[in-house]
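To start, the structure itself, in structure tokens.
Model, not experiment: these values are computed from the prediction. Residue numbers run from 1 in the order of the sequence given.
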Amino acid sequence: MDIKTPYTKEQLKILRLLAAEYPSISMAGATLVNLTALCNLPKGTEHFMSDLHGEAEAFEHILNNCSGVIREKVDTVFYRTMSAEERRSFCTLIYYPVEKLDELRAHGALTDDWYRVTLYRLVDLSRSVASKYTRAKVRAALPEDFQYIIDELLHTSGEEHDKQAYYQNIISTVIAVGQAETFIVSLCHLIKRMAVDRLHVVGDIYDRGNHADRILDMLCEHHNVDIQWGNHDIVWMGAAAGSAACVATVLNSALQYNTLSIVENTYGISLRDLIGFAQETYKDCTWFMPRNPDDAYYVKNRMDTLSKAHKAIAIIMFKLEGQMIRRHPEYGMEERLLLSHIDYERNTITIGGVEYPLNDGHFPTIDPGDPYALSPAEESLISSLTYAFRHSRALRKHVLFLYNNGSLYKLCNGNLLFHGCVPMTDDGGFEKVTTHDGQVLSGRAYMDYCDKTARAAFYDGGQDELDFMYYLWCGRQSPLFGREKMTTFERYFVNDRKTWEEVKNPYYELVEQYDHASAILREFGLDPHTAHIINGHVPVRAAKGEHPVKANGRYIRIDGGFCRAYHDKTGIAGYTLIYSSRGLRLVSHSPFEGKEAAIRENRDILATTDVVFEMMAERMLVRDTDEGKGILDRMEDLHTLLAAYREGIVSPE
């Protein structure tokens, strides 16, 4: 006679798999206790930043001061026992421990008494920032050499009478054996790691500034980071994948902003052939001078050479763009075939039915009968450059990191993160987009398609997928660009600024309205009453009174002009959105005066809380997060396993 169980065949299969992982009642029960405790801890603090644009020094400082959180913690813990100047110096030590120790040593300040007091203070601060995490998580973050000692100090208070001598003896021994400085550095790293549990970078690491590579190196070392690709990231990813149009665009931007050091020095891509070709082919190109000659990679008497190279790669870029547009009528970008609209004899161009004079009519490589054909020299040049981008090991490392840790959008703890937009129509619907294989997609399905195709471009490298990487950079229905057109040609060759206008997708106005923001959140499966859309891409003009939080708190735009080029427009130097167990707040940053001033004079990036919203009546717990939902599911499975053990349906070992 068969004994019937309350479990299906599939459920029994799952229970047996669980039993292999938790082979005894005591093990399953102990895990349940641990998971229950974890679920009732406060959620970790998340930071959101966007549009870093190569500003590595400022980004490093904000990573080190945790967007002002370290200073807040120091002020809270030590406001009664340390002066304001002592707290500033202590913060600088945490931000730059090696450099600050060197500076203090030069002034003869590193005495045993200083070591002792500093170590006590660092342990106290470490205990404060680590209090919301399990002991196991903190232990995993500790350096291997000092794991046991730091773990003991964090969980042994110097105020406990019975352990006071033990606590003091550990500190004294660390100093006596000459390990105080190494120990201080380890504690400083621990504090910064525990202060921010997770970092979200909402796009645009590359371009404008000189050191996107250094930012990516820092992110590669970060303990918990995700990235939502921006259009400036995707064009570098396309170049690494082998898109010639993306290669030309990357070089055009590097020449425009004079950031060639990352191309040549970091990624090892020689521009000698480009420089030689440009010098032989082009004459005076003053219109193509770099925007920031004060930070010149080449000395100023070679600016003319730089401008010729800039024009040479720009013409190649426009030709390759035209070829791509002709291959893909579904892109709807025929109006960007501008080389066909030039009257090469009269030196004019017709745009939107209006004829404009060109400010530069020297086009020695353009055949008016076939303006998008590359000359043999251009063909050879872009082929060798594309090969160099494709095979740069340093670039591949960074791009692989972007693929492995990034995506077009992300859903995380009730937040929808993406860089640009979800293409929409004027009436508030999601814009329908026809793909190269004939699909008609919109909303989330289109965003998923973009993500999938971007990955295929790198790993498979078909021409259609490579073309789509360039389309994601500047296509009119690209969720990363979000404008009708990119008017690079007009800005270079037409003085009439009316032609420079780039009309934004309706998304950017509609998302500021609660009903439309709610519809977007529902499209991605989120609750519009509690969830948020978090974007970058468009700088918030805070200096003119523009507010970053709209749609009754559903929409948050966090591009505060991190890049120096935008400081005058925004009036600030970037935002960090901080999502702690207490709620959400938006912090604005002041411009950074430099690492040397920070170390020598204890100067900090002033972080000011501009907006505090949705503060919790009770602290948000791990159980309320995405991670918590997975833990609760596992706990339910373990309860079922315990019941099956006790009923004899599954046998423990």
Side-chain angles (χ1 to χ4, degrees), residues 60-61 63-66 69-71 73-74 76-78 80-83 85-196 218 221-223 595-596 598-600 602:
E60 180 184 19
H61 189 82
L63 274 188
N64 284 334
N65 77 359
C66 300
V69 169
I70 297 296
R71 179 171 290 279
K73 291 285 187 182
V74 168
T76 299
V77 175
F78 301 112
R80 290 181 177 175
T81 57
M82 296 172 70
S83 69
E85 179 55 37
E86 286 176 322
R87 295 199 300 272
R88 282 194 293 271
S89 181
F90 187 59
C91 285
T92 305
L93 175 69
I94 296 168
Y95 306 159
Y96 303 104
V98 174
E99 296 88 342
K100 189 63 178 177
L101 285 167
D102 288 343
E103 195 247 351
L104 291 168
R105 185 182 301 105
H107 289 84
L110 299 184
T111 64
D112 284 358
D113 284 341
W114 184 90
Y115 286 137
R116 184 174 291 102
V117 171
T118 300
L119 285 168
Y120 275 121
R121 287 170 173 170
L122 287 171
V123 170
D124 286 347
L125 189 62
S126 298
R127 191 179 294 120
S128 175
V129 297
S131 61
K132 65 165 64 176
Y133 302 111
T134 64
R135 190 166 179 173
K137 184 167 184 173
V138 175
R139 191 182 297 118
L142 299 176
E144 186 174 346
D145 290 346
F146 296 116
Q147 188 179 75
Y148 172 78
I149 300 172
I150 295 177
D151 185 51
E152 284 292 292
L153 288 172
L154 293 183
H155 297 91
T156 303
S157 172
E159 296 176 358
E160 297 174 23
H161 180 74
D162 291 342
K163 291 189 175 182
Q164 194 172 36
Y166 174 67
Y167 183 88
Q168 293 172 348
N169 187 58
I170 292 176
I171 298 291
S172 297
T173 304
V174 167
I175 297 169
V177 299
Q179 292 296 300
E181 292 187 25
T182 306
F183 204 71
I184 285 169
V185 172
S186 296
L187 286 170
C188 290
H189 289 324
L190 175 66
I191 289 165
K192 289 180 284 192
R193 178 164 179 173
M194 291 292 101
V196 180
M218 285 182 265
E221 296 298 320
H222 199 276
H223 59 279
K595 185 173 179 178
E596 184 178 342
I599 296 166
R600 187 182 64 252
N602 299 320

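- Judged as a salt bridge (Lys or Arg N to Asp or Glu O under 4.0 Å), and not counting sequence neighbours, the contacts of R105 are D102, E181.
- In this structure, M194 and V138 approach most closely via the heavy-atom pair SD-CG2, 3.9 Å.
- Of the candidates E221, H222, K192, L63 forms a side chain to side chain contact (heavy atoms under 4.5 Å, CB included) with just one, namely H222.
- Partner of R121 under the side chain to side chain contact (heavy atoms under 4.5 Å, CB included) criterion, out of L119, V123, L125, V117: V117 alone.
- In terms of heavy-atom proximity, C91 sits nearest to R71 at SG-CA, 3.8 Å.
- Shown here for G108 and T111, the closest heavy-atom pair between the two residues is O-CG2, 4.4 Å.
- For the atom pair OG of S128 and CD1 of I191, the computed distance is 9.5 Å after rounding to the nearest 0.5 Å.
- When side chains are defined from C-beta on, R127 counts as touching D124, because their heavy atoms get closer than 4.5 Å.
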key: Step-by-step side-chain contact (heavy atoms from CB on, under 4.5 Å) determination, L153 to I171   = CA-CA 9 Å; L153 288 172; I171 298 291; 4.1 Å; yes
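- At a cut-off of 3.5 Å, with distance as the only test, no side-chain donor of E60 or Y95 sits close to an acceptor on the other residue.
- Not less than 6.0 angstrom separates the ring centroid of Y120 from the ring centroid of Y115.
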| message | I'd like to know whether V196 forms a side-chain contact (heavy atoms from CB on, under 4.5 Å) with V69, so could you lay out the CA-CA distance, the side-chain angles of the two residues, the decisive distance to 0.1 Å, and finally the verdict. | response | CA-CA 9 Å; V196 180; V69 169; 5.6 Å; no
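- With rounding to the nearest 0.5 Å, the separation of CG in L93 from CD in E99 is 10.5 Å.
- L154 contributes atom CG, which lies 12.0 Å from atom CD1 of I149 (distance to the nearest 0.5 angstrom).
- Side-chain contact check for Y96 versus L101: every heavy-atom pair is 4.5 Å or farther apart.
- In this structure, SG in C188 is found 11.0 Å from CZ in F183, a value given to the nearest 0.5 Å.
- Taking every heavy atom of both residues into account, Q147 and R139 meet most closely at NE2-O, 3.1 Å.
- Between atom OG of residue S83 and atom CZ of residue F78 there is a gap of 13.0 Å, rounded to the nearest 0.5 Å.
- Using a distance-only test at 3.5 Å, with no hydrogens or angles considered, no donor-acceptor pair links the side chain of H189 to the main chain of P97.
- Side-chain atoms of I94 and V74, non-hydrogen and from C-beta on, do get closer than 4.5 Å to each other.
- D113 and R116 are joined by a salt bridge, as a carboxylate oxygen and a charged side-chain nitrogen come within less than 4.0 angstrom of each other.
- Remark: E86 CD to R88 CZ distance equals 10.5 Å, nearest 0.5 Å.
- Residues meeting the ring pair (Phe, Tyr, Trp, His ring centres under 6.0 Å) test with Y133, sequence neighbours left out: none.
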